*Asks:* 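The structure is given below, and queries will be raised subsequently.
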There are 2 protein chains.
Amino acid sequence: MTDQGSTLLAFFKAMADESRLRIVGFLAVRERSVQELAELLALKEPTVSHHLAVLRGIGLVSARPDGTTRWHALNPKVLRQMNRELLDNKSVVAFAKSEVDPESRVLSGFLDSDGRLKSIPVSRRKLVVVLKWLVAQFEENRRYRESEVNETIQRRHWDSARLRRELIGHRMMSRNRGVYWRTPQAEWREVDSLGRY
Amino acid sequence: MTDQGSTLLAFFKAMADESRLRIVGFLAVRERSVQELAELLALKEPTVSHHLAVLRGIGLVSARPDGTTRWHALNPKVLRQMNRELLDNKSVVAFAKSEVDPESRVLSGFLDSDGRLKSIPVSRRKLVVVLKWLVAQFEENRRYRESEVNETIQRRHWDSARLRRELIGHRMMSRNRGVYWRTPQAEWREVDSLGRY
DNA sequence: TATCTACTTAGATAGATATCTATGGAGAGA
DNA sequence: TCTCTCCATAGATATCTATCTAAGTAGATA
């Protein structure tokens, strides 16, 4: 899967920084606040915040609010998963071939050099490919206001209303009282090879 | 060791690039020349040369001269080795012991995906493993009120009273007039391989 | 309500690096 | 020796990003 490949790349990018590696080491012992980490690493709080955001982005770290402080903890599951992918070079091979992946070829046809969507596919099958890419722009386990959803989409295409509806329609995103979030992939609508339900 | 850490960091840095990940993928299938890779990746030869130098730098790739061409191949041993280091490195990725260390395999069987304790082991040996993990949630050289102890434990399991008693019983924590602290590890109760005193 | 604390976000900057073009070097064959 | 091929190195450039300061937000407390 292309998704595996990009997950792998995101994982390596996240770990390819000394400060973040050290943060992971500290979190391995017990959960920590931003302040504690800033002290331990001799960095300013915003810098630590930035690194933690990266680590949360790959799901390796989770945050637990407690008053005004946020306790950050490691999610060892992700680590184990990544180890399995590393040992099994199938996923690495798959990554190399990702350009050959039909989905990626479809997608690259609809993106311009800035990574923006040139047009919305008419074909349902291709639309699903594009929507998969679009929903990946949103963080998992995060709640968005509608305005945030629109802004995120508009960084990729002007017609945020249309694309927002499509994401909801394909159940790639969920909505309740004006709050939006990414639907876990297992709950997406089933589509066949032609993009039909 | 710092050296292990920097090796690990170098490894992640080397893998944290899309082109290099794809090169590794292609080399996983069979050895390739610089020209072939340049063609496959749609990059110029010097760029590929640069990436191969990085991969050779961490020992992941080796080159075999043959006339004017150099055949580059993957060294799968290194990939496995890196995995082991990733799991072994105490200073940077201590948590990764969880795969190698028998204790951590026991532990992972009792933890759910949120890092909470699913149940309290009946086996004494396994209980000790779980208690070691639990006591690591507390800071060293810090004094806790009983309510704090309970809260900390309850983030991991509902039965804080039972687990608090076990920690005290195994002398992993000490108590005096309602104040608790972590016992230095040297003063824990001796246990044999079956978890008996 | 006002203030303090812990954190996040925005914006700027400096350093790293992925990629390119141009050039150099070494083996193979005439 | 001359030339061709394949690759490496040097240097330039543009993009990325780790870090900082300044400002904003939200919970806790008085």
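Just so we're clear, the structure is a prediction, and the values are computed from it rather than from any experiment. All chains are named by letter (A, B, ...) in the order of the sequence lines, taking the proteins before the strands, and each is independently numbered beginning at 1.
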*Asks:* May I have the distance from B:His50 (atom NE2) to D:dC6 (atom P), rounded to whole angstrom?
*Replies:*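 The distance from NE2 of B:His50 to P of D:dC6 comes to 23 Å, rounded to the nearest Å.
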*Asks:* May I have the distance from B:Arg64 (atom CZ) to D:dC6 (atom P), rounded to whole angstrom?
*Replies:*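 B:Arg64 atom CZ is separated from D:dC6 atom P by 16 Å.
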*Asks:* Taking CZ from B:Arg56 and P from D:dT9, how many angstroms apart are they, rounded to a whole number?
*Replies:*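 Distance check: B:Arg56 CZ to D:dT9 P gives 8 Å.
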*Asks:* Can you measure A:Leu9 atom CG to D:dT17 atom P for me and round it to whole angstrom units?
*Replies:*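 Rounded to the whole Å, the gap is 10 Å.
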*Asks:* Kindly point out which of C:dT8, D:dA8, C:dA18 is positioned nearest to the side chain of B:Ser49?
*Replies:*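 Minimum distance to the B:Ser49 side chain belongs to D:dA8.
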*Asks:* Give every donor-acceptor pair under 3.5 Å between a side-chain atom in residues 27-36 of chain A and any protein atom, sequence neighbours left out.
*Replies:*
unit_1, atom_1, unit_2, atom_2, d
A:Glu31, OE2, A:Arg64, NH2, 2.6
A:Glu31, OE2, B:Arg155, NE, 3.1
A:Glu31, OE2, B:Arg155, NH2, 3.1
A:Ser33, OG, A:Glu36, N, 3.2
A:Gln35, NE2, A:Glu45, OE2, 3.3
A:Glu36, OE1, A:Ser33, N, 3.0

*Asks:* Among C:dA18, D:dC7, D:dT19, which nucleotide sits nearest the side chain of A:His51?
*Replies:*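 Nearest nucleotide to the side chain: D:dT19.
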*Asks:* Relative to the 5' end of DNA chain D, which residue comes earlier, A:Asp66 or A:Asp17, by the nucleotide with the nearest heavy atom?
*Replies:*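 The residue closer to the strand's 5' end, by nearest nucleotide, is A:Asp17.
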*Asks:* Using the ring of each side chain (for Trp, its six-membered ring), is B:Phe12 parallel, tilted or perpendicular to A:Phe12, with breaks at 30° and 60°?
*Replies:*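 Ring orientation of B:Phe12 relative to A:Phe12: tilted.
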*Asks:* Do side-chain atoms of A:His170 reach the backbone of A:Met172 as a donor and acceptor pair under 3.5 angstrom?
*Replies:*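 Here the side-chain-to-backbone pair does not exist.
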*Asks:* Using whole Å, what does the distance between atom P of nucleotide D:dA28 and atom CZ of A:Arg70 come to?
*Replies:*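 Distance check: A:Arg70 CZ to D:dA28 P gives 14 Å.
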*Asks:* In whole angstroms, how far is the P atom of C:dT17 from the CD atom of B:Glu18?
*Replies:*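 One finds 18 Å between P of C:dT17 and CD of B:Glu18, rounded.
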*Asks:* I'd like to know if B:Arg22 and B:Glu18 make a salt bridge, using a cut-off of under 4.0 Å between side-chain N and carboxylate O.
*Replies:*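 Looking at B:Arg22 and B:Glu18, the cut-off is not met.
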*Asks:* Take the protein atom CG of A:Leu37 and the nucleotide atom C1' of C:dA6, then report the distance between them rounded to whole Å.
*Replies:*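 Whole-Å distance recorded here is 13 Å.
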*Asks:* Looking only at heavy atoms, what is the nearest atom pair of A:Ile58 and A:Ala10, with distance?
*Replies:*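 Minimum heavy-atom contact is CG2-O, 3.8 Å.
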*Asks:* Kindly compute the distance separating NE2 (A:His50) from CG (A:Leu43), expressed to the nearest 0.5 Å.
*Replies:*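 Answer rounded to 0.5 Å: 10.5 Å.
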*Asks:* Is it true that B:Gln137 and B:Thr152 share a donor-acceptor pair across their side chains at a distance under 3.5 Å?
*Replies:*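 Per modelled atom types, B:Thr152 and B:Gln137 side chains form no pair under 3.5 Å.
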*Asks:* Quick one: is B:Thr69 getting a side-chain N or O under 4.0 Å of the D:dT5 phosphate, OP1 or OP2?
*Replies:*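 For D:dT5, OP1/OP2 do not have a side-chain N/O of B:Thr69 under 4.0 Å.
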*Asks:* Can you build the contact string for nucleotides 20-27 of chain C? Use B for base contact, S for sugar-phosphate-only contact, and - for no protein heavy atom under 4.0 Å.
*Replies:* BBB----B
*Asks:* Quick one: B:Arg22 CZ to C:dT19 P, roughly how many Å, whole number?
*Replies:*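 So the CZ-P distance, B:Arg22 to C:dT19, works out to 11 Å.
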